Amino acid sequence: MSRFVSLLSALFLVGVLAFLGGMWTTHKDWAPWKMLNDTKQAVKSWRATGYVVPDGTYLRRPPRMPDDRYVVHQADKIAPGYLLINRIASPEPGYVTDLIDENGAVLHSWKIDHSKVIDGGTEMEFVHAVRPLPDGSILANFDDGFGMARFDACGEPIWRRTDVVYHHSLTEDPDLGGFWTWTSKYWDGGHDQQMVRVDADTGETLESIDLVQDVLLPDPDALMAFRIPEHFRWNMDAKTDEIPDIIHPNDVEVLPAAWADAFPQFEAGDLIMSHRAIDLVGVVDRQTGKLKWHKAGPWEHQHDADFHPDGTITVYSNNTHRMRSTILEMDMTTGVVRDKFAGSGFEFDSYIMGQQERLPNGNWLVSAPMEGRVIELTAEGELVREISNVLSGDYNSIITTAVHVGPDFFDSLPSCTN
């Protein structure tokens, strides 16, 4: 009897240890759980798309979207120039940036490979923002991986920054030059966040504003706007996902001198910024760090807040979990906010990411990353053309960034002779 009890106890102990071991390997994503999970995801993607692609990189096209890669609705209304679109290259691995003309032809492509930026990097590292330069090179940043780089037309780095994470937006400073982006020691969601202006020619940091040290801590009103309680403990060295994401900066853009008269409450050079976690859009004095204005909502989990020369701002409201995103326009004189395309029938949805851009001819360019779709439409909300990152019959892959490029922007069209 005692032997039976001992054997039963041993079996029970082995079972408990196996259970705990299984829980721990699942928590740490170690083998054999990782192998089992990877196999499960591979089978899932194969059954859905006919390809083995990473989970979360593909999505079913809703019925409102066309099945073709490039669809023109009103050819005579297309804004002259090019589109620069960064996308997941599925079924091929990694990310690629395409230069597309008004006929939908891909004139040039850049392969954006993080392994060329930093040792240990991988071509699968998420590429968030890209911006072109007149010589045919492009800038790119990586939300979760250290570094930012300028790539030539062949996809080779001209310069690299590997000191911190450069994340989310890349926006040009039309008056002083360079590009604004956010930096952090680690991402996702740490307290250590800076608005940084980077020289496009050299990668040198030209200007930096620390969100906590320069904007929030000196100003009790700014702390209240960001919902920071008294005696809050900041953690500037938190690793990825170590602490709650309470701020989530995702955009910073400058008020150009040419538009400053339309915003008498601000000055040329002031910065508009977006903070997704608290639905907050604010304007900061770049000289003093003073938070001059802020508003939380009606946008929800928003991205890409822009100044416009008519004294309005527009915001890409993701409306997470509401199944329909919107572009909201606010008159900064009256404070009135409206859905820019309400009543037009225009519909799109992206619960994360996204950009909106007013084009020189009055059209709008809207990207819906989680639909794998870019849309050009008139100011009245009429569809002009649509570009989809088609993976298979029913599925698209993600598009991360789309920007308009003027017809005379490039010194000559990008070309790789290698």
Side-chain angles (χ1 to χ4, degrees), residues 64-66 69-87 97-107 127-132 138-139 168-172 174 179 250-251 253 256 272 274 299 302-310 312-318 324-329 339-342 344-350 352-389 396 398-410:
R64 65 175 177 275
M65 288 175 53
R69 185 191 71 86
Y70 188 80
V71 175
V72 175
H73 299 281
Q74 301 183 76
D76 59 323
K77 294 185 178 180
I78 293 176
Y82 312 97
L83 297 181
L84 192 77
I85 296 177
N86 185 71
R87 60 185 178 85
T97 300
D98 294 326
L99 184 68
I100 299 172
D101 70 9
E102 297 168 33
N103 297 312
V106 177
L107 304 180
V127 180
H128 198 137
V130 295
R131 286 296 185 274
I138 59 174
L139 302 177
H168 284 92
S169 64
L170 274 170
T171 58
E172 188 174 11
F179 286 78
N250 60 27
D251 189 33
E253 305 195 22
I272 190 168
S274 168
W299 35 79
Q302 78 291 331
H303 288 72
D304 196 13
D306 292 347
F307 290 113
H308 294 286
D310 59 358
T312 63
I313 65 169
T314 54
V315 178
Y316 187 112
S317 184
N318 294 81
R324 182 167 180 170
S325 302
T326 48
I327 306 301
L328 298 184
E329 182 180 67
D339 180 344
K340 176 71 179 175
F341 300 108
S344 68
F346 171 52
E347 187 175 351
F348 68 102
D349 180 50
S350 190
I352 56 173
M353 301 189 289
Q355 303 88 36
Q356 43 92 23
E357 178 183 357
R358 180 183 288 180
L359 304 183
N361 71 341
N363 285 354
W364 287 77
L365 188 70
V366 175
S367 71
M370 301 312 294
E371 290 181 340
R373 177 188 182 209
V374 176
I375 313 103
E376 182 177 346
L377 63 157
T378 68
E380 294 73 35
E382 300 173 351
L383 293 177
V384 174
R385 58 175 168 168
E386 301 177 74
I387 301 93
S388 293
N389 188 18
N396 281 6
I398 291 171
I399 287 172
T400 72
T401 301
V403 293
H404 178 262
V405 183
D408 301 321
F409 178 83
F410 292 109

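Just so you know, these numbers come straight off a predicted model, no measurement behind them.
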Are the side chains of [Y] and [X] in contact, using a 4.5 Å heavy-atom criterion?
| X | Y | result |
| --- | --- | --- |
| Val384 | Thr378 | yes |
| Met370 | Asp349 | no |
| Ile78 | Glu376 | yes |
| Asn363 | Gln74 | no |
| Val403 | Thr401 | yes |
| Asn389 | Ile398 | no |
| Leu383 | Ile375 | yes |
| Arg69 | Asn396 | no |

Name all residues meeting the side-chain contact (heavy atoms from CB on, under 4.5 Å) criterion together with [X]; count only those two or more places apart in sequence or in a different chain, and write none if there are none.
| X | answer |
| --- | --- |
| Glu329 | Thr312, Thr314, Arg338, Lys340, Arg358 |
| Val71 | Pro66, Asp68, His73 |
| Ala402 | Ile85, Leu365, Ser367, Val374 |

So, using salt bridge (Lys or Arg N to Asp or Glu O under 4.0 Å) as the criterion, who are the partners of [X] when residues are at least two apart?
| X | value |
| --- | --- |
| Glu386 | Arg373 |
| Glu102 | none |
| Asp101 | none |

Quick one: side chain to side chain donor-acceptor pair (under 3.5 Å) partners of [X], sequence neighbours excluded?
| X | value |
| --- | --- |
| Asp98 | Arg87, Ser109 |
| Ser350 | none |
| Glu357 | none |
| His168 | His248 |

#### Entry: Test item: His404 side-chain N/O and Pro80 main-chain N/O as donor-acceptor pair under 3.5 Å
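Yes: the side chain of His404 pairs with the backbone of Pro80.
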### Task
Verify, without hydrogens or angle tests, whether Thr326 (side chain) and Asp339 (backbone) share a donor-acceptor contact under 3.5 angstrom.
no
What distance separates [X] [atom1] from [Y] [atom2], expressed to the nearest 0.5 Å?
| X | Y | atom1 | atom2 | result |
| --- | --- | --- | --- | --- |
| Ile313 | Leu328 | CD1 | CG | 9.5 Å |
| Ile327 | Asp304 | CD1 | CG | 8.0 Å |
| Glu172 | Phe179 | CD | CZ | 4.0 Å |
| Ser274 | Trp299 | OG | CH2 | 9.5 Å |
| Leu377 | Ser344 | CG | OG | 7.0 Å |
| Leu84 | Ile138 | CG | CD1 | 6.0 Å |

Does a donor on one side chain and an acceptor on the other come within less than 3.5 Å for [X] and [Y]?
| X | Y | value |
| --- | --- | --- |
| Ser317 | Gln302 | no |
| Asp251 | Ser169 | yes |
| Asn86 | Thr400 | yes |

### Glu253 versus Phe307, closest heavy-atom pair with distance
O-CE1, 4.1 Å
### Task
Taking all heavy atoms of Pro369 and all of Tyr316, pick out the closest pair and write down the distance.
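So the two residues come closest at CD-OH, 4.1 Å.
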#### Entry: His308: partners by ring pair (Phe, Tyr, Trp, His ring centres under 6.0 Å), with sequence neighbours left out
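Partners of His308 by the ring pair (Phe, Tyr, Trp, His ring centres under 6.0 Å) criterion, ordered by chain and then number, come out as Trp364.
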### Message
Please enumerate all residues that pass ring pair (Phe, Tyr, Trp, His ring centres under 6.0 Å) together with Phe346, with sequence neighbours excluded.
### Response
Phe341, Phe348
### Stepwise side-chain contact (heavy atoms from CB on, under 4.5 Å) check, Ile387 with Ile100
CA-CA 10 Å; Ile387 301 93; Ile100 299 172; 4.3 Å; yes
